[in-house]
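Because the structure is a prediction, the values reported are computed rather than measured. Residue numbering restarts at 1 for every chain, and letters A, B, ... go by the order of the sequence lines.
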Amino acid sequence: MANVKPKVDAVIVGMGWTGAIMAKELTDAGLNVVVLERGADRDTQPDFAYPKVVDELEGSVHRRYLQSLAQETVTVRHNLTSTAVPYRQMGSFKPGTGVGGAGSHWSGCHFRALPEDFKLRTNVEQRYGASFIPSDMSIQDFPVSYEDLEPHFDHFEYVCGTSGKAGIISGVKQPGGNPFEGSRSREFPLGPNPNYLGAEMFYGAAREMGWDPYPIPASNASAPYVNPYGCQMGPCNACGFCSDYGCLNYSKASPNISILPVLRQRKNFELRTHAQVLKVNLDSDGKKATGVTYLDAQGREVEQQADLVLLCAFSLYNVHLMLLSGIGKPYDPQTGEGTVGRNYSYQNLNRVVLFFNKEVQANQFIGIGGAGTTMDNLNGNQLDNAKAGFVGGGIIWARQPGGGPVRGINVPPGTPNWGTAWKQAASDAFRHSFYFEVQGACMSYKQHYLSLDPTYKDGFGRPLLRINFDWHDNEIKASQFLVGKALEMSKILNPVALAGDAKKPGEHYNITKYQSTHTCGGAIMGSDPKTSALNRYLQSWDVHNVFAIGANAFPQNNGYNPTGMVGALAYWSAKAIREQYLKNPGPLVQA
Amino acid sequence: MFDDDTSAARRDFLRKSLTLIPVVTLASAGFPSGAFAQTPASDVQQSLPAGPGAAAAAGDYTPTFFTPQEWAFLIAACDRLIPSDHVGPGAVELGVPEFLDRHMQTPYANGGIWYMQGPFLEAAPEFGYQGRLNLRETLRVGIKAMDAHCKKTYDGKVFAELSSAQQEDLLKAAESGKLALEDIASKLFFSNLLNEVRNGYFADPSHGGNKNMGAWKMIGYPGMRADYTDWITVRDKPYPLAPVDLSGRRG
Ligand SMILES: Cc1cc2nc3c(=O)[nH]c(=O)nc-3n(C[C@H](O)[C@H](O)[C@H](O)COP(=O)(O)OP(=O)(O)OC[C@H]3O[C@@H](n4cnc5c(N)ncnc54)[C@H](O)[C@@H]3O)c2cc1C
Ligand code: SF4
């Protein structure tokens with residue numbers, strides 16, 4: 001029999017970005033909040049302290065800061081008829097664990113979606129006609145607008161000390177920023193970070209292409225900063241151990257340094273670590289959650305009762321918990337019925353590497369996680385999709401989160417993988433090469449979805465989550481188009497060698513290659529309960545006291561990293577809970 | 001026993017296998033061997049017996065995971081994969097075999113962060129490794145299979161006894177997957193071996209390889225400095241500082 005804990009106002013599953021935001025907002029509202037985090041407690045001291053934290057073998061091979069796959073992973077298959085196999089080794093995406101979640105070892109690129117990204121289907125239909133959208137493409141409009149989220153984008157950037165340059169403030173263009181962005185209510189909290197060589201060269205080449213380069217908004221502090229919660233950040237020292245690593249320097253915004261210092265002092269907040277949530281419990285008619293069941297540090301089953309259950313376990317695991325708990329109807333790709341698991345999407349990431357001679361000091365060991373240069377001329381409404389031949393756009397950027405030799409040294413195409421020739425090429429390239437990346441949008445399709453795996457189980461005996469996903473022609477065309485542009489631009493810089501990895505026709509999704517932890521969809525927000533699992537406040541249509549906060553809510557993915565949007569959605573949802581739900585618990589939108 | 005094209009590393013190995021001095025093994029003595037890895041091998045010979053510290057010098061490490069046969073294979077393979085040459089130090093002189101032996105004894109090599117539950121199904125390469133062997137088993141089974149193949153093909157000789165050219169050909173055949181081995185796909189074995197050799201060559205010296213930060217110096221990596229505030233925007237000169245390692249030593 002499970003040990004039953006007294007009821008609290010809200011239980012939150014997961015202590016990453018979304019968990020921290022929701023805990024802050026709900027404790028602000030006076031609620032008693034318990035957060036259950038499956039991993040260990042983590043903080044700058046001692047977990048990210050120098051020098052231990054910059055051990056490349058530990059960070060990038062043993063993957064000390066990421067989730068171990070031994071207990072929990074997913075399975076993957078390319079089509080509806082094959083048998084999925086497990087994601088056995090970390091590759092394509094890297095979920096986090098422990099306090100801070102992936103938010104403690106993210107890079108810091110901090111974008112807002114474009115206004116037109118919010119009404120994607122309507123926009124594409126208006127511009128090119130409904131027939132331009134492939135019949136299996138299931139893209140939808142977000143049920144919120146850019147204007148709805150603007151205050152929350154803004155607030156999250158101020159919480160994170162995001163360093164950047166505004167392109168439009170209150171409708172007025174600002175020199176040096178992104179001229180195509182949605183209008184902002186004010187300037188970024190901090191100015192942009194300094195440019196390393198690749199980012200500087202990007203400016204020149206992009207302008208020659210006729211584009212409008214701007215600094216990537218980065219939550220890696222360019223100067224000392226105190227956020228609205230009184231949490232301090234120190235300037236980033238370009239340590240070069242950012243992606244996959246916790247910050248040694250209080251410079252990269254994270255739940256740990258940006259929100260938790262306040263939460264940890266609150267009497268109405270309790271954090272339980274090593275608390276693995278197994279499922280959400282529902283009442284007898286399945287319309288209301290009564291709490292969650294978890295395994296505590298000693299492996300005992302505990303039931304935590306709560307009035308409100310917030311799933312903040314990361315997009316994939318939010319969907320997993322919904323499927324395991326019977327919240328909403330699982331999506332069926334044959335009939336198109338059901339919503340949980342529907343519209344899984346990802347990110348179309350590609351890379352172009354530029355090699356130079358020894359006079360060019362690229363110094364890729366220097367790195368600032370999110371900082372660099374990018375441009376939006378091939379994104380959103382700037383791209384003529386009819387001409388380009390695909391739906392969705394993307395960005396090209398020069399970004400240098402920091403490279404070290406254990407993480408891998410890019411060598412020119414044709415170089416052997418070992419022996420003297422490889423040594424020579426690696427030595428020549430290490431300090432004299434950098435890369436540009438193409439980050440493309442990824443559309444959603446009827447056949448790309450999440451479900452429970454019929455074969456494989458996790459360490460707790462539950463079916464694993466199964467990802468049904470492959471590259472669609474649309475994304476392959478996008479990859480070829482965008483990488484082609486990136487190569488064209490790179491040639492302006494006269495590299496001695498150039499490598500690009502555009503996807504080839506028929507190419508399949510390769511789970512061994514890191515392509516971002518931007519796994520999106522699966523429990524999407526929408527205005528129709530037939531085609532979305534969540535309403536516009538990220539509230540389950542089916543179980544009104546369950547909210548699922550994360551990139552799972554994206555109906556499809558745009559060309560940006562997700563977290564700026566994820567954070568804004570969390571604040572948006574929290575506001576609705578505080579201002580509407582608590583007064584009158586029940587569905588916030590009538591189905 | 002060996003043909004006459006013996007490289008420095010092979011000669012070194014030969015010397016050691018003849019004069020193997022059973023000094024205290026580091027793993028059992030609990031010493032962080034990297035902390036003692038300063039003395040070049042040649043000096044060690046003269047200063048022996050010098051207690052446990054000396055045992056960590058490149059080449060003088062006594063393996064506690066790999067058997068002598070496996071150890072001989074690894075030294076030969078390391079020497080082919082990252083030879084000592086005009087570009088920079090080789091894997092053997094930088095202690096990569098020691099790294100491998102120690103790394104195999106970590107939870108990582110035991111499949112600690114991999115999902116290792118069955119069923120183990122065959123799948124396209126895009127799905128990555130789907131086998132049941134963990135890393136240490138992959139290397140062990142692979143070495144055994146390689147040596148068995150060599151014995152059959154080369155008149156009873158194991159891999160370590162072949163000429164450099166023969167070893168290179170075999171490694172190339174394994175890399176491309178053309179080499180048919182019993183018990184393991186040669187490509188899988190090769191890719192794991194190469195990966196681990198590179199890890200040992202480039203990881204912090206405290207893990208057993210990259211002695212004196214030799215690999216970092218070769219490529220110009222400042223190691224664990226982790227502070228480049230002053231150098232982000234410098235364009236006209238190479239980064240001036242030599243590396244430091246995790247223990248704070250300068251290279
Ligand atoms: C290497 C890397 C680089 C990245 N860089 C960027 C970037 O530059 N820009 C960007 O926008 N995004 C980036 N991301 C993505 C970003 O980290 C995520 O979007 C963000 O952290 C999502 O927040 P979340 O709250 O949904 O999940 P997380 O922050 O991961 O938090 C989820 C938490 O839930 C816990 N949990 C899960 N299941 C359970 C359970 N059953 N019981 C209890 N606890 C559970 C997890 O352990 C984890 O701590 C990056 C990610 C990685 C891995
Ligand atoms: S690059 Fe900057 S923000 Fe990132 S971990 Fe290093 S010091 Fe922190």
Out of A/Val85, A/Thr73, A/Thr512, A/Val406, return the one with the most heavy atom pairs under 4.5 angstrom to chain B. A/Val85
Top contributor to chain A interface from B/Glu168, B/Met116, B/Gln117, B/His86 [non-hydrogen pairs under 4.5 Å]: B/Gln117
Give, as side chain, backbone, both or neither, the part of A/Arg407 having an atom under 4.5 angstrom from any heavy atom of chain B. side chain
Got a donor-acceptor contact below 3.5 angstrom from the A/Lys423 side chain to the B/Ile82 backbone? no
Which bit of A/Leu66 is near chain B, if near means a heavy-atom gap under 4.5 Å: side chain, backbone, both or neither? neither
With the side chain counted from C-beta on, respond yes when B/Pro119 and A/Thr455 share a heavy-atom pair under 4.5 Å apart, and no when they do not. yes
NZ (A/Lys94) with more than 12 external heavy atoms under 6.0 Å: yes
Can you say whether A/Thr83 sits under 4.5 Å from chain B via the side chain, the backbone, both, or neither, judging by heavy atoms? side chain
Part of B/Pro125 lying under 4.5 Å from any heavy atom of chain A: backbone
Would you confirm whether A/Tyr50, through its side chain, and B/Met224, through its main-chain N or O, come within 3.5 Å as a donor-acceptor pair? yes
Aromatic plane relationship, A/His78 with B/Phe127 - under 30° parallel, 30 to 60° tilted, over 60° perpendicular: tilted
Name the region of B/Thr106, side chain, backbone, both or neither, that has any atom closer than 4.5 Å to a heavy atom of chain A. side chain
In short, B/Tyr115 meets A/Ala70 closest at the heavy-atom pair CD1-O, 3.8 Å
Test your reading of the model: is there a side-chain donor-acceptor pair from A/Arg431 to the backbone of B/Tyr239, 3.5 Å cut-off? yes
Would you say the ring centroid of A/Tyr196 lies under 6.0 angstrom from that of B/Tyr228? no
If we only count heavy atoms from C-beta on, is the A/Asp55 to B/His207 side-chain gap below 4.5 Å? yes
By a 4.5 Å heavy-atom criterion (distance strictly below it), what part of A/Glu507 contacts chain B: side chain, backbone, both, or neither? neither
Taking A/Pro235, A/Ala426, A/Ala238 one by one, which has the highest count of heavy-atom pairs under 4.5 Å against chain B? A/Ala238
Under 3.5 Å donor-acceptor, A/Arg88 side chain and B/Trp114 backbone: no
Counting heavy-atom pairs under 4.5 Å to chain A, which of B/Ala203, B/Gly128, B/Pro238, B/Gly118 comes out on top? B/Pro238
Kindly indicate whether the side chain of B/Tyr108, heavy atoms from C-beta on, has any atom under 4.5 Å from the side chain of A/Leu57. no
Is the closest side-chain heavy-atom distance between B/Asp236 and A/Glu359 below 4.5 Å? no
Does the plane of the ring in B/Tyr201 sit parallel, tilted or perpendicular to the ring in A/Trp422? Use 30° and 60° as the thresholds. tilted
Can you tell me how far CD of B/Glu126 sits from CG of A/Asp470, rounded to the nearest 0.5 angstrom? 8.0 Å
A/Asn363 versus chain B, heavy atoms under 4.5 Å apart: side chain, backbone, both or neither? side chain
Polar side chain donor-acceptor pair, B/Asp85 to A/Thr420, under 3.5 angstrom: yes
For chain B, which of A/His432, A/Gln424, A/Glu56 has the most heavy-atom pairs under 4.5 Å? A/Gln424
May I have the step-by-step check of side-chain contact (heavy atoms from CB on, under 4.5 Å) for A/His62 and B/His103, ending in yes or no? CA-CA 10 Å; A/His62 299 170; B/His103 201 213; 2.6 Å; yes
Need one label for B/Trp216: side chain, backbone, both or neither, based on atoms under 4.5 Å from any heavy atom in chain A. side chain
A/Asn417, part contacting chain B, at a heavy-atom distance under 4.5 Å: both
Locate the shortest heavy-atom distance separating B/Pro83 from A/Gly419; write the atom from each residue and the value. CD-CA, 3.8 Å
Heavy-atom closest pair (A/Ser68 atom, B/Gly112 atom, distance to 0.1 Å) is OG-O, 3.6 Å
Are more than 12 heavy atoms, taken from residues, nucleotides or ligands other than A/Lys513, located less than 6.0 Å from that residue's NZ atom? no
Chain B shares the most heavy-atom pairs under 4.5 Å, among A/Tyr509, A/Tyr456, A/Tyr87, with A/Tyr456
Considering all heavy atoms, the nearest B/Gly220-A/Phe365 contact: O-CE2, 4.0 Å
Once you measure the plane-to-plane angle for B/Tyr221 and A/Phe430, does it fall in the parallel (<30°), tilted (30-60°) or perpendicular (>60°) bin? perpendicular
Counting only non-hydrogen atoms closer than 4.5 Å, does A/Phe241 touch chain B with its backbone (N, CA, C, O), its side chain (CB onward), both, or neither? side chain
Counting heavy-atom pairs under 4.5 Å with chain B, the top scorer among A/Gly240, A/Gly404, A/Pro51, A/Pro405 is A/Pro405
The interface call for B/Lys237 against chain A, heavy-atom contacts under 4.5 Å, is backbone
State, without any angle test, whether A/Trp418 and B/Glu175 hold a side-chain donor-acceptor pair at a distance under 3.5 Å. yes
What's the verdict on side-chain contact (heavy atoms from CB on, under 4.5 Å) for B/Ile113 and A/Arg63, showing C-alpha distance, side-chain angles and the deciding distance? CA-CA 8 Å; B/Ile113 62 167; A/Arg63 304 197 183 285; 4.2 Å; yes
Using non-hydrogen atoms and a 4.5 Å limit, figure out which bit of B/Arg235 sits close to chain A: side chain, backbone, both or neither. both
Quick one: which of A/Val360, A/Asn195, A/Val76, A/Leu248 has the most heavy-atom pairs under 4.5 Å with chain B, could you say? A/Asn195
Is any side-chain heavy atom of A/Pro416 less than 4.5 Å from a side-chain heavy atom of B/Lys172? no
Interchain contact, B/Leu246 with chain A, by part (heavy-atom threshold 4.5 Å): both
Just so I understand: if I count every heavy-atom pair under 4.5 Å between each of B/Ile232, B/Thr233, B/Val234, B/Thr229 and chain A, which residue has the most? B/Ile232
